[in-house]
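All remarks here apply to the structure that follows.
Side-chain atoms are counted along with the backbone in the values below, which use heavy atoms only and exclude waters and symmetry mates. Both ligands and their constituent atoms are indexed starting at 1 by order of listing.
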Amino acid sequence: MIKTELAIEFFEIESMDELSENEQRLIKLSKEATKNSYAPYSNFYVGAAVLLESGETILGANQENAAYPSGLCAERVALFYANSKYPQQAVCAIAIAAANQKGILNELIAPCGSCRQVMLETEQRYEKEIKIFLVGDEKVFLINGVQSLLPMHFNKSHLSL
Ligand code: THU
């Protein structure tokens with residue numbers, strides 16, 4: 001058998017000066033968006049902020065439901081809202097932060113598989129790589145493009161095989 005390895009890369013931001021003003025604002029807004037979470041079952045409050053090519057930002061927060069699978073993650077709330085309000089606008093970046101009852105978590109929260117799949121589709125739909133910022137209380141990681149979050153993914157080109 002032949003072994004093949006896939007490498008992924010991500011960056012730890014050393015100084016906020018490395019980012020554009022829009023990106024710095026996006027990171028701040030993702031933390032603020034955790035306050036709009038409705039998470040009475042998990043008490044895990046996730047905020048997502050999406051930056052569109054127009055410079056506009058759209059916020060989302062996880063919304064839970066007593067019938068658990070009916071809830072939705074913050075990332076998909078924000079992306080679906082952005083894409084339905086501005087279907088012509090490409091998504092440039094998304095910042096994701098999480099909090100518990102004590103406040104913003106230091107740990108960086110990586111998006112779930114379903115959110116990665118939706119980010120991938122958004123990237124392909126607008127033919128624009130999305131910058132993904134994982135936001136902790138102090139640290140920020142940057143992932144350039146969904147390919148690094150979801151290697152060997154299923155995508156729409158497989159449907160025409
Ligand atoms: N959650 C998100 O909003 N985003 C993620 O990437 C992971 C999980 C939400 C779903 C649920 O409301 C809570 O966090 C606990 O899983």
* Pull out every atom of ligand 1 sitting under 4.0 Å from any heavy atom of Cys112, numbered as shown with elements. => 6 (O)

* To do: Please check if a non-hydrogen protein atom sits closer than 4.0 Å to atom 12 (O) of ligand 1.
  => yes

* Asked: Closer than 4.0 angstrom: is that true for some heavy atom of Cys115 and an atom of ligand 1?
  -> no

* Asked: If you count the atoms of ligand 1 from 1 in the order shown, which ones are under 4.0 Å from a heavy atom of Val46?
  -> 1 (N), 2 (C), 3 (O), 4 (N), 9 (C), 14 (O)

* **atom 3 (O) of ligand 1 - nearest protein heavy atom and its distance** => Ala74 N, 2.9 Å

* Asn22 CG to Glu53 CD distance, which is reported to the nearest 0.5 Å -> 12.5 Å

* Would you mind checking which non-hydrogen protein atom is closest to atom 9 (C) of ligand 1, with the distance to 0.1 Å? => Asn62 ND2, 3.5 Å

* Asked: Taking atom CZ of Phe10 as the centre, does the number of heavy atoms from other residues, nucleotides or ligands within less than 6.0 Å exceed 12?
  -> no

* What is the closest protein heavy atom to atom 16 (O) of ligand 1, and at what distance does it sit? -> Phe44 CD2, 4.7 Å

* Within less than 4.0 angstrom of ligand 1, does Ala39 place any heavy atom? -> no

* Asked: Backbone or side chain, does any N or O of Ser42 fall under 3.5 Å from an N or O of ligand 1?
  -> no

Validation: residues 132-154 side-chain donor-acceptor distances under 3.5 Å, sequence neighbours left out:
{"from": "His153", "atom 1": "ND1", "to": "Leu150", "atom 2": "O", "distance (Å)": "2.8"}
{"from": "His153", "atom 1": "NE2", "to": "Asn155", "atom 2": "ND2", "distance (Å)": "3.4"}

* Asked: For ligand 1, which atoms sit closer than 4.0 Å to a heavy atom of Glu64?
  -> 11 (C), 12 (O), 13 (C)

* Can you tell me the protein heavy atom closest to atom 6 (O) of ligand 1 and the distance? -> Glu75 OE2, 2.6 Å

* Asked: Within the distance-only criterion (no hydrogens, no angle test), does the side chain of Glu121 pair as donor or acceptor with the backbone N or O of Val118 below 3.5 angstrom?
  -> no

* To do: Answer with yes or no whether the side chains of Tyr81 and Asn83 bring together a donor and an acceptor at under 3.5 Å.
  => no

* Is the number of heavy atoms from other residues, nucleotides or ligands within 6.0 Å of CD (Glu21) greater than 12? -> no

* Give the C-alpha distance, both sets of side-chain angles, the deciding distance and a yes or no for salt bridge (charged side-chain N to carboxylate O under 4.0 Å, His left out) between Lys131 and Glu129. => CA-CA 7 Å; Lys131 287 182 169 186; Glu129 201 171 81; over 6 Å; no

* Report, in ascending order of atom number, the atoms of ligand 1 lying under 4.0 Å from any heavy atom of Pro111. => 6 (O)

* Hey, what do you get for CD1 (Ile13) to CG (Leu19), rounding to the nearest 0.5 Å? -> 4.5 Å

* **Among Gly60, Ala78, Cys73, Ala98, closest by any non-hydrogen atom to atom 7 (C) of ligand 1** => Cys73

* To do: Count the heavy atoms belonging to other residues, nucleotides or ligands that lie under 6.0 Å from CD1 of Ile2, then report whether that count exceeds 12.
  => no

